[in-house]
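Here's the structure, in structure tokens; my notes come after.
Chain letters run A, B, ... following the sequence lines, proteins first, then strands; residues in each count from 1.
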Amino acid sequence: MRSIGIILAGGGGNSAKLGGLTETRATPAMPIGGCYRCIDFTLSNMANSGMNKVAVITQYNSRSLHDHLSSSKWWDLGRKQGGLFIFTPYLSGSNSYWFRGTADSIHQNITYLKRSNEPYVVIASGNSVHKMDYNELINYHTEKDADVTIVYSKIKPADDINEYGVLTVDNDFRITDLEEKPLEPQSNLVSLGIYVISRTLLIKLLETINAEGRYDLVQDVFVRYRKRLRIFGYHYNEYWQTINSIHTYFECNMDFLKKDVRSLFNHQYPFTDTKPKDEPPAKYNIGARVINSLAGSGAILNGTVQNSVLFRKIYTGEGSKIINSIVMDGCYIGNNCTVENAILDKEVVLSDGKEIKGNKENPTIINKLSVL
Amino acid sequence: MRKKEMIAMLLAGGQGSRLGVLTASKAKPALAFGGKYKIIDFPMSNCINSGVDTVGVLTQYLPLELNRHIGIGIPWDLDRRNGGVTILAPHVKGDEGEWYSGTANAIFQNIDFIDNYNPDYVLILGGDHIYKMDYSKMLNFHKQSGADATIAVQEVSMDEATRLGIMNVDEQDKVYEFEEKPAQPKSNLASMGIYIFSWQELRKSLVADRDIHPDSDFGKHIIPMMLNENKKLFAYRFNDYWKDVGTIESYWMANMDLIQTVPDFNLYEDFWKIYTDSDHQPPIYTGLESDVNTSLLSEGCEVSGKVYNSIIGPGVIIEEGAVVQASIIMGRCVIGAGAFIDRCIIDDSCTIGENVKIGTGENVPNAAKPHVYDSGITVIGESTTIPPNVTIGKNCVLYGVTTPEDYANGELASGQDIIRRMEDE
């Protein structure tokens, strides 16, 4: 294999933007599409691209992620040589820092890079829902004779461009400008947080900037070196979504009600893999009416569900209505409840007759393990 | 190798000929059940849930699907460095190979495998039944009663008892007689084909019976032999759900048990999970025009049509306007738009054309195999293709890629077959 993978999965700091859903989990552990966690997409892409060695760097609220990644076998990364590495901040004689930034998080684990011999490193965010064969990306990188290749795409009209890295490219796709979360964006092209760089160059750059007390991969490497290095953009045209706000999170889940999105992730080989939960098939009882909706395994459904994403092991009572909502694993919805424009976090219990109503722009969020 | 107190030997080599075309491409234990499961998942899951972490699976008839399904045992957490799951196929010894000629003969041929673990007890299981059972409780019973062999039994009706192997017991449930299909049953305790033997006792009996019966069988030879020798055999009563799925109708009925609002057999409790190989498991999508009720749907289904009183396997696509009722559809089938499917069992990876009607007309038993197909259920074998716009009756059998020319006037009358497989060509 020509490359190793690094997944930056430390995030979750922007908890306010995710409305408390990241109070108890890291953003890469956010449930997506009825059965996945956000990190499954990048992790599956790496495994499906034939990478044998993938490091996941975690920091914020890492318990949820570690639970999800407790066995590497679901992504076929339970290898004797290589496999899945999980790096968390640790204390040592010379270091007692948390990760001070993305570059620092890789630098603190630079042994991983030094002990490998694959020529390239693919660095990707654990917050990104996309499907990509990274081999094509590496081919492009070598064809362009690039030092760094950054994957970008056009921003969707509804998204807040100030949340992204915004870039401009010339006719040859060389990146001419790159700005993180700009006040005055110069284009509508945004970085997906997926990069290719040669392993030796990455080691050199990390050691250099670390000595200067700089710790951020985008700001202190890509932005700072954009003129000195040959940094190219790779235009990605398929479906993608970065989970960075309630809006994008809600949108992304609802996108799985579209046939082409389900087809891409659920039905086209190679598949997106996740930790199996061994739930039985979903049971649609008499009186169930489930339309334009997803239901995960282990569900027992008695009521109406419309335009919603139900994760695994959901119970809905008779006469209940779930409309335009996301319901995460293990929720129990009693008889004659109404849930509309809402996100129910894991294992919420609604007693009979409860009503939860939000509005489309601002869904109501019910915290994990709430009993109402 | 570290000693194991008890290991399980799972007899999975049987064809299950009464299941007709459903076992034409795979052994019976590899047949799908309840949507996402296979029959063998039930004893396998019972093993791990009972703390039995060493399982030998004896295969013989069409083992490919079973081998693929079991792999190294990951779904059941049976991928172990010491123990775990081992597939035991018939093999060549010395100059000659030898098939497994009977249930006990199969165990005899794997004495070395069992001896490796030096177990005190051996659990013998079949791959024919749907049940949840804690074998550790049965083992406790075996130890407490000081038995040489313990046979799990279920109370059945006296009528059923005439068709089963019956254990006659004293008031301590000690077995004094075993009768195969007695005309006048003395008891209603039917053997479930689940045995715990003290290994050294069983080992002696297997070796002794080897020269007497080349087709050595537990029910026919080993149990009677042990009774003759005045060994201590006890019946272990098991009164929970236990269903045979050996015929088309019993297989269909056992599946249909699962769709009741509160089923007799509960798959939804966390305490005793049934595990299966579900490598890829996206949720189920039901579309705007869909109507699904009183049904079980497995992962990755895409339903645009209507589904009632049915069991649907993983990755099945049911197109617009199609109606599926009282049927079992296994994994990765496509049911074309406008199709109407009634009382039908469709095995894995079939393609049913648009506007096909199945299950119409009179209930005429199958012409070729009236004893297998007589319950009105039409059965479609694995990877069968049915062209659009044809009408198919009841008790029909279809297998292979069929074309419009196979259907006179676009019809297949009740009780008729179309078999188009490689072996016929």
Side-chain angles (χ1 to χ4, degrees), chain A residues 32-36 40 44 71 73-74 76 78 253 256-259 261-263 265-267 269-302 305-315 318 330, chain B residues 33-37 41 45 71-72 74-77 79 258-263 265-270 273-304 307-317 332:
Chain A
I32 304 279
C35 69
Y36 305 110
D40 290 336
S44 299
S71 175
K73 49 187 156 185
W74 318 121
D76 228 351
N253 275 288
F256 277 80
L257 298 177
K258 296 174 189 156
K259 194 170 184 178
V261 174
R262 281 200 313 281
S263 170
F265 293 110
N266 296 357
H267 302 304
Y269 191 81
F271 302 127
T272 308
D273 291 314
T274 189
K275 180 181 174 181
K277 286 281 167 89
D278 298 295
E279 296 300 339
K283 190 162 184 290
Y284 295 70
N285 280 336
I286 195 154
R289 177 148 177 72
V290 185
I291 59 170
N292 189 35
S293 294
L294 284 166
S297 50
I300 300 178
L301 307 172
N302 296 290
V305 182
Q306 220 175 313
N307 306 332
S308 295
V309 177
L310 310 187
F311 284 74
R312 288 180 284 216
K313 234 186 148 193
I314 309 296
Y315 177 89
E318 288 164 29
Chain B
F33 183 85
K36 65 185 285 190
Y37 304 104
D41 293 334
S45 302
I72 58 167
I74 288 177
W76 305 272
D77 249 346
D79 49 326
L258 300 171
I259 60 174
Q260 298 161 22
T261 304
V262 182
F265 188 63
N266 186 0
L267 292 168
Y268 293 80
E269 55 190 7
D270 282 337
K273 267 194 183 180
I274 305 300
Y275 301 97
T276 190
D277 173 27
S278 46
D279 49 339
H280 164 240
Q281 41 194 342
I284 300 134
Y285 178 77
T286 44
L288 271 172
E289 304 297 324
S290 73
D291 186 13
V292 180
N293 69 55
T294 327
S295 295
L296 240 53
L297 270 66
S298 308
E299 288 110 339
C301 287
E302 298 266 326
V303 180
S304 307
V307 181
Y308 311 114
N309 301 307
S310 294
I311 307 277
I312 312 292
V316 170
I317 297 169
R332 295 167 303 284

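Looking at every heavy atom in both residues, B:Pro283 comes nearest to A:Leu294 through CG-CD2, 3.9 Å. Nearest heavy atoms, A:Ile286 versus B:Asn293: CA-CB, 4.1 Å. Pairing each heavy atom of B:Asp291 with each of A:Ala288, the nearest pair is OD1-O, 4.5 Å. Here the shortest heavy-atom pairing between B:Tyr37 and A:Pro280 reads OH-CA, 3.1 Å. Shortest non-hydrogen contact noted between B:Pro282 and A:Tyr36 is CB-OH, 3.8 Å.
A distance of 7.5 Å separates OG of A:Ser71 from CD1 of B:Ile74, quoted to the nearest 0.5 Å. To the nearest 0.5 Å, atoms OG1 (B:Thr286) and CD1 (A:Ile291) are separated by 8.5 Å. Remark: A:Asn266 CG to B:Gln281 CD distance equals 11.0 Å, nearest 0.5 Å.
Chain A forms the most heavy-atom pairs under 4.5 Å with one residue out of B:Val303, B:Asp270, B:Leu267, B:Leu297, and that residue is B:Leu297. Your options are A:Ala282, A:Ala299, A:Gly298, A:Gly296, and the one with the most heavy-atom pairs under 4.5 Å with chain B is A:Ala282. With respect to chain A, the highest number of heavy-atom pairs below 4.5 Å among B:Gly300, B:Ser298, B:Pro263, B:Gly287 belongs to B:Gly287. Note: A:His267 leads A:His267, A:Gln306, A:Arg312, A:Arg289 in heavy-atom pairs under 4.5 Å with chain B.
For chain A, the nearby part of B:Glu302 is the side chain; its heavy atoms alone come within less than 4.5 Å. For B:Leu258, the part lying under 4.5 angstrom from a heavy atom of chain A is the backbone only. Heavy-atom distances place the backbone of B:Ile259, and not its side chain, under 4.5 Å from chain A. No part of B:Tyr308 comes within reach of chain A, as not one of its non-hydrogen atoms sits under 4.5 angstrom from that chain. Using a 4.5 Å cut-off between heavy atoms, A:Leu301 does not touch chain B at all. There is no contact between B:Pro314 and chain A, counting heavy-atom distances below 4.5 Å.
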B:Asp79 vs A:Lys73, side-chain contact (heavy atoms from CB on, under 4.5 Å): CA-CA, chis, key distance, verdict: CA-CA 11 Å; B:Asp79 49 326; A:Lys73 49 187 156 185; 2.8 Å; yes
Residues A:Tyr284, B:Ile284; criterion side-chain contact (heavy atoms from CB on, under 4.5 Å); working and verdict: CA-CA 11 Å; A:Tyr284 295 70; B:Ile284 300 134; 3.4 Å; yes
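The main-chain N or O of A:Lys277 is found under 3.5 Å from a side-chain atom of B:Lys273 such that the two form a donor-acceptor pair. Distance alone, capped at 3.5 Å, is enough to place a donor-acceptor pair between the A:Lys283 side chain and the B:Thr261 backbone. A side-chain donor-acceptor contact under 3.5 Å links B:Lys36 to the backbone of A:Glu279.
No more than 12 heavy atoms of other residues, nucleotides or ligands sit less than 6.0 Å from atom CD of B:Glu289.
Partners of A:Phe265 by ring-ring contact (aromatic ring centres under 6.0 Å, His included), not counting sequence neighbours, listed by chain and number: A:Phe41, A:Tyr239, A:Phe256.
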